[in-house]
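Report on the following structure.
Along the sequence shown, residues are numbered consecutively beginning with 1. Side chains are part of it too, since the values below use all heavy atoms of this structure and drop only hydrogens, waters and symmetry mates.
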Amino acid sequence: MLMPKRVKYRKQQRGRRDGLATRGTTVAFGEYGLQATEACWMTSRQIEAARRVIVRYIRRGGRMWTRVFPDKPVTKKAAETRMGGGKGAVDEWVSVVQPGRVLFELGGVDEDTAREAFKQASAKLSISTQFLVKTDQITGTKVAGA
């Protein structure tokens, strides 16, 4: 599973998930992208499951980029534990995903293959997503397939 090698602080507060993503909202590396349309805490297990589906579907053709990383620790106390006694131990790592964030990118494959790979990957995630095609920032035309 994905997790940071080391962190400055072992435990974090929960924070807020409101608002739209301001960074990572465009296709930057590949030709096609999978964009989140809802907010969520995406666990390292979900990211890995989606990554495996994409890699398996595209086989050896093309290249994949993962644009999210689980760097937020989520703690959990043991079941049937009384109140008090401090904060629980770190249970899992999550990535805070806001609407508009590009989760995965693909390059070097045709559009139909990318669409199907992202459709299967989306089924592994707990949020709704949409398919993106890279566009030229100046003219607004599609760049994919060039």
Quick one: do the Glu38 and Ser128 side chains pair a donor with an acceptor below 3.5 Å?
yes
Residues forming a side chain to side chain contact (heavy atoms under 4.5 Å, CB included) with Gln98, sequence neighbours excluded:
Ala21
Residue pairs passing the side-chain hydrogen bond (donor to acceptor under 3.5 Å, both in side chains) test with at least one member in residues 68-88, sequence neighbours excluded, are Gln12-Lys72
Do Val68 and Ile127 land in one hydrophobic cluster if side-chain heavy atoms of ILVMFWY residues count as linked below 4.5 Å?
yes
Using side-chain contact (heavy atoms from CB on, under 4.5 Å), reason through Lys134 and Thr26 one step at a time and then give a plain yes or no.
CA-CA 8 Å; Lys134 187 172 191 171; Thr26 58; over 6 Å; no
Answer whether the closest heavy-atom distance between the side chains of Thr129 and Phe118 falls below 4.5 Å.
no
Gap separating the CD atom of Glu116 from the CG atom of Asp110, nearest 0.5 angstrom
11.5 Å
In this structure, would Phe104 and Phe131 fall into the same cluster of hydrophobic residues linked by side-chain contacts under 4.5 Å?
yes
Below 4.0 angstrom, N of the basic side chain to O of the carboxylate: do Glu48 and Arg45 qualify?
no
Using the rule that two of Ile, Leu, Val, Met, Phe, Trp, Tyr join whenever any of their side-chain heavy atoms come within less than 4.5 Å, decide whether Leu2 and Val97 are in one cluster.
yes
Suppose clustering is done on Ile, Leu, Val, Met, Phe, Trp and Tyr with side-chain heavy atoms closer than 4.5 Å. Which residues sit in the same group as Val96?
Trp41, Val74, Val94
Does Glu105 reach the main-chain N or O of Gly30 with its side chain, forming a donor-acceptor pair under 3.5 Å?
yes
Heavy-atom closest pair (Lys124 atom, Val53 atom, distance to 0.1 Å) is CE-CG2, 3.6 Å
Residues clustering with Met3 (ILVMFWY side chains joined when closer than 4.5 Å, directly or via others):
Val7, Val90, Trp93
Given side chains that start at C-beta, do those of Thr66 and Ile47 come closer than 4.5 Å, heavy atoms only?
yes
Could you go through the side-chain contact (heavy atoms from CB on, under 4.5 Å) check for Glu111 and Tyr32 one step at a time?
CA-CA 8 Å; Glu111 188 172 338; Tyr32 309 103; 3.6 Å; yes
Determine the minimum heavy-atom distance between Pro99 and Gly19, stating which atoms define it.
CD-O, 3.5 Å
Residue set satisfying salt bridge (charged side-chain N to carboxylate O under 4.0 Å, His left out) with Asp18, at least two apart, ordered chain then number -> Arg16
Ignoring hydrogens, what is the shortest heavy-atom contact between Arg17 and Ala39? Give both atom names and the distance.
O-CB, 3.8 Å
Are the side chain of Gln35 and the backbone of Gly100 linked by a donor-acceptor contact shorter than 3.5 Å?
yes
Between the CZ atom in Arg101 and the OG atom in Ser95, the distance rounded to the nearest 0.5 Å is 6.5 Å
Taken to the nearest 0.5 Å, the spacing of Leu125 CG from Leu34 CG works out to 6.5 Å
Is a donor on one side and an acceptor on the other found under 3.5 Å between the side chain of Lys11 and the backbone of Gly88?
yes
Please tabulate, for side-chain N and O atoms in residues 54-65, each donor-acceptor pair with protein atoms closer than 3.5 Å (sequence neighbours left out).
none

So, does Gln46 use its side chain to make a donor-acceptor pair with the main chain of Thr43 at under 3.5 Å?
yes
